[in-house]
Structure formats: structure tokens, C-alpha cells
J.: 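What follows is a structure written as C-alpha cells; I'll ask about it next.
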Amino acid sequence: MTVFLRTLFFVTLGLAAWQAHADVYGFVDEQGEVHLADKPLDARYRLFKRGALPAASSSAATAELGRYLDARDQAALKRLTPLIEQTARRHQLEPALLHAVITVESGYHASAASPKGAQGLMQLMPDTAARFGVSAETVLEPRANLDAGARYLAFLLGLFDRRLDLALAAYNAGEGVVQRLGRIPPYEETEQYVKAVRGLYLRQGGRVLADGRLRGHAVADTQTYANLVRFTTSDATRTEDQ
């Protein structure tokens, strides 16, 4: 679960120099120093605050998704794609969905860690890792991290009747708060997270039913890697009726 942005929230509350409607990206380094910018300068920068959340089909949204794609570790993407696809299908997930989560969570940086303790490709919190049988010693190992993250995502999709938006919100903010509210929590980080992962999933060939649910079973997708490498500006709001 991504917790990085919450740390930045408290740090940036007093930064009046930032324009009210400017996007703010940043990260906290190993020494605890906060780095902020109006765009992601490298893969460590994550979105903290957006001035305006554009519609998913707008050119601004397209550019934003492009930023996530540009921040990926391309060598790791190529190397890990077979493992990601095997893991996704083992847990009846579409590879495109797992790729979308990884793109937003870690950009394929296997050693990624947040100030609050989320780690690895799928940014597992310690309690989530332990819940799915991953020890502190192996949480950064790609195979173990991917398997636990995929199992958790599959669990959430089952818990929320395959409602993609609710499952993604729960992955980011925790299943408890989503269960209590019955909707995406009103956290800017979570709202943006759901939009980003959903948008990337759709652009990589994913499909969402008209009622917001995923299809019942994962479908083989031999074009996932090609779609990941070749980013297009096709409609990000497409759905299917059956």
C-alpha cells in the first residue's frame, strides 16, 4: 500500500510558497530530507498534491499517465514481465492490471521503500507482507513480493465483488475504511491512485464492465508487454457491456 504521500502531506502543509493550484511531487530521502518539485524529476518523485484532477480522457490525464510510464525502470520491466504475467495468471488476475499497479506503486524498482515502511515492487506494508507469508528478510525479493501483492489484490477483488475502483482504493488506503464507507475514501492520494492505476490498466488493454466490475476470469493477453512499451493516447474510459 502506498503511504509515501501521506508523509509529505504533513511536511508540506506549511510550504506557502507553492502555488495553490500547482502540482506537487516529492520524496523523502534516507536522511529524512524532503525533496519537492512541480514535476517528477526521477523515479523517486511521487505525486503529493494536484491542483486539478482532469477527466480520465483529457490530454492532461494522458500526459499524467505518461509520466508514470516514463518513470519506470525499463530494464526491470523487460526482465520481470514473464514473472509478472505468470504471477498474475496464477492468481486469476489480468497481467495488465498487475503491471498497472506496479507502475504506480514502484515504477518496477524492486528496492523501492516508503518512509512508512511499504516495500518492493508492490509496496507491501509489513503487516500485509506477514499476512501473506512474506518475511522481512524476503520482502524485497521480486518473486515473493509480487506473489503476496497479487494475492492481496485478488483477495480485495473478491471482497468487493470485483469492483475495480473499490479494490484499488482498499489496496491504497486499507480495506477497513473502504468497507466502512462503501466507496472510495475522500483522500486525494487514494482518489488519484485509483484514477492512475485504472487509466494505465485500460490503456494496456484492460476492460471494465459497465457496472465498474472486472470480468470473472483473467484472459490471456499476449499484447501486455507491447502495450506497456508502446504508450498510446487511446480512450482511457472505454468499457464493455459483457
Side-chain angles (χ1 to χ4, degrees), residues 1-10 12-13 21 23-26 46-58 60-65 67-69 88 91 93-94 96-107 114 116-118 122-125 127-128 131 149-204 206-216 235-241:
M1 181 178 70
T2 302
V3 296
F4 167 81
L5 302 176
R6 295 178 197 166
T7 300
L8 286 183
F9 173 77
F10 295 103
T12 56
L13 278 177
H21 299 291
D23 291 352
V24 179
Y25 293 80
R46 302 290 182 86
L47 179 67
F48 158 60
K49 184 180 186 302
R50 178 183 302 287
L53 294 176
S57 60
S58 70
T62 296
E64 185 58 42
L65 295 184
R67 291 178 183 175
Y68 281 111
L69 294 174
H91 298 294
L93 298 171
E94 289 182 273
L97 179 57
L98 200 52
H99 275 292
V101 171
I102 295 168
T103 297
V104 175
E105 288 286 355
S106 67
S114 80
K116 289 292 184 66
M122 298 288 287
Q123 287 292 276
L124 300 177
M125 290 295 289
D127 58 344
T128 303
R131 178 179 175 184
R151 287 168 61 197
Y152 185 41
L153 185 58
F155 165 79
L156 292 173
L157 284 167
L159 182 64
F160 294 105
D161 196 23
R162 300 195 68 78
R163 278 282 302 278
L164 179 60
D165 57 345
L166 296 185
L168 293 177
Y171 195 95
N172 177 262
E175 64 215 62
V177 66
V178 179
Q179 286 179 303
R180 288 195 300 273
L181 295 176
R183 60 185 176 86
I184 299 173
Y187 310 147
E188 186 172 11
E189 176 198 339
T190 302
E191 292 170 348
Q192 176 57 28
Y193 177 85
V194 172
K195 286 186 178 183
V197 175
R198 184 180 186 277
L200 288 167
Y201 166 66
L202 292 173
R203 289 174 188 272
Q204 293 164 18
R207 294 289 190 276
V208 179
L209 300 174
D211 62 3
R213 289 174 169 82
L214 295 184
R215 290 169 292 190
D235 184 10
T237 60
R238 55 188 172 182
T239 62
E240 63 177 4
D241 296 325

J.: Keeping Arg215 on the side-chain end and Leu209 on the backbone end, is there a donor-acceptor pair under 3.5 Å?
T.: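 Checking the backbone N and O of Leu209 against the side chain of Arg215, no donor-acceptor pair under 3.5 Å is found.
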J.: Taking atom CG of Leu156 and atom CD of Gln179, what is their separation to the nearest 0.5 Å?
T.: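 Nearest 0.5 Å value for the CG-CD distance: 9.0 Å.
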J.: What's the shortest heavy-atom distance between Val101 and Met122, and which atoms?
T.: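 Minimum heavy-atom separation between Val101 and Met122: CG1-CE, 3.9 Å.
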J.: Can you tell me how far apart CD (Gln204) and CD (Glu94) are? Round to the nearest 0.5 Å.
T.: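 Spacing of CD (Gln204) from CD (Glu94) equals 11.0 Å.
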J.: Report the C-alpha distance between Asp165 and Arg198 in whole Å, list the side-chain angles of each, state the deciding distance to 0.1 Å, and finish with yes or no for side-chain contact (heavy atoms from CB on, under 4.5 Å).
T.: CA-CA 8 Å; Asp165 57 345; Arg198 184 180 186 277; 5.7 Å; no
J.: Among all residues two or more places apart in sequence or in another chain, which pass the salt bridge (Lys or Arg N to Asp or Glu O under 4.0 Å) test with Arg131?
T.: Glu175
J.: Enter the distance from Leu202:CG to Leu65:CG here, rounded to the nearest 0.5 Å.
T.: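 With rounding to 0.5 Å, CG (Leu202) is 9.5 Å from CG (Leu65).
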J.: For Ala154 and His91, which heavy atoms make the closest approach, and how far apart are they?
T.: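 Shortest heavy-atom contact: CB-O, 3.8 Å.
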J.: Might you point out which heavy atoms bring Ala150 and Leu93 nearest each other, and give the distance in Å?
T.: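 Minimum heavy-atom separation between Ala150 and Leu93: O-CD1, 3.5 Å.
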J.: If every non-hydrogen atom of Tyr152 is compared with every non-hydrogen atom of Ala170, which pair is closest and at what distance?
T.: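 What the structure gives for the nearest pair is OH-O, 3.9 Å.
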J.: Please name the pair of heavy atoms, one in Asn172 and one in Glu189, separated by the smallest distance, quoted to 0.1 Å.
T.: ND2-OE2, 3.1 Å
J.: Tyr201 and side chain to side chain contact (heavy atoms under 4.5 Å, CB included): which partner among Thr103, Val104, Leu214?
T.: Leu214
J.: Determine, step by step, whether Tyr171 and Tyr193 satisfy the side-chain contact (heavy atoms from CB on, under 4.5 Å) criterion, reporting the C-alpha distance in whole Å, the side-chain angles of both residues, the deciding distance to 0.1 Å, and the verdict.
T.: CA-CA 10 Å; Tyr171 195 95; Tyr193 177 85; 3.4 Å; yes
J.: Compare every heavy atom of Pro186 with every heavy atom of Leu181, then report the nearest pair and how far apart it is.
T.: CD1-CD, 3.9 Å
J.: For Ala169, give me all partners under side chain to side chain contact (heavy atoms under 4.5 Å, CB included), at least two apart in sequence or on another chain.
T.: Val178, Ile184, Pro185, Thr190, Val194
J.: How would you list, by chain and number, every residue that makes a salt bridge (Lys or Arg N to Asp or Glu O under 4.0 Å) with Arg213, sequence neighbours excluded?
T.: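 Only Asp161, Asp211 meet the salt bridge (Lys or Arg N to Asp or Glu O under 4.0 Å) criterion with Arg213.
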